[in-house]
Each structure stands twice: as structure tokens, then as C-alpha cells.
Amino acid sequence: MPYEALERQIRSIPEEYFPEVASFLELLKYKILVQQQNSPRPLRKLGGYEGKIKIADDFDDIPEGFEEYL
């Protein structure tokens with residue numbers, strides 16, 4: 001439905017019903033938001049961050065001062 005046709009329909013509604021129209025529009029916006037959140041996301045490619053993240057050579061070493069806890 002073109003925007004102009006929808007606008008004509010809204011103009012034909014008595015003003016006392018505008019709060020109900022506004023409530024329905026809010027419901028539609030919520031419905032769209034929920035559908036977007038539930039839509040499947042594309043799967044990430046394995047190795048996508050390869051070469052972009054640098055891990056220190058001593059990453060697995062016990063930090064100084066924590067020897068007594070292990």
C-alpha cells in the first residue's frame with residue numbers, strides 16, 4: 001500500500017481514535033523489533049581474527065605473586 005493511500009485512510013479516521021492508532025503503530029514497531037532479534041545471524045567464519053590478535057609468549061605463565069595459590 002502506498003504511503004499516500006495509508007495517509008488518506010488515517011485522515012478518514014475520527015481524531016478521537018488517534019490514540020488507538022498510535023498504540024497499534026507501537027505494537028507493530030515492537031513486533032518488527034522482535035522479529036529482527038529472532039532472525040538467524042550469519043555464522044562466523046573460523047579463523048576470522050587470525051593475525052589480528054597478538055597473545056604474549058608468557059600468556060600461560062603464572063603471574064608473579066600468585067604462585068602460592070596454585
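By convention here, the first residue in the shown sequence is residue 1.
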Out of curiosity, does [Y] fall in the hydrophobic cluster containing [X] (side-chain heavy atoms, cut-off under 4.5 Å, transitive links)?
| X | Y | result |
| --- | --- | --- |
| Val34 | Ile32 | no |
| Leu25 | Ile13 | yes |
| Ile10 | Met1 | yes |

Does the Gln35 side chain pair with the main chain of Leu33, one donor and one acceptor, at a distance under 3.5 Å? no
Taking 4.0 angstrom as the limit, do Arg11 and Glu7 come out as a salt bridge? yes
If I take atom [atom1] from residue [X] and atom [atom2] from residue [Y], how far apart are they, to the nearest 0.5 angstrom?
| X | Y | atom1 | atom2 | result |
| --- | --- | --- | --- | --- |
| Lys54 | Phe59 | NZ | CZ | 12.5 Å |
| Gln36 | Lys31 | CD | NZ | 13.0 Å |
| Glu50 | Lys45 | CD | NZ | 9.5 Å |

When you look at [atom1] of [X], are more than 12 heavy atoms from neighbouring residues, nucleotides or ligands closer to it than 6.0 Å?
| X | atom1 | answer |
| --- | --- | --- |
| Leu28 | CG | yes |
| Glu15 | CD | no |
| Asp57 | CG | no |
| Glu16 | CD | yes |

Excluding sequence neighbours, so at least two apart, what forms side-chain hydrogen bond (donor to acceptor under 3.5 Å, both in side chains) with Gln37? none
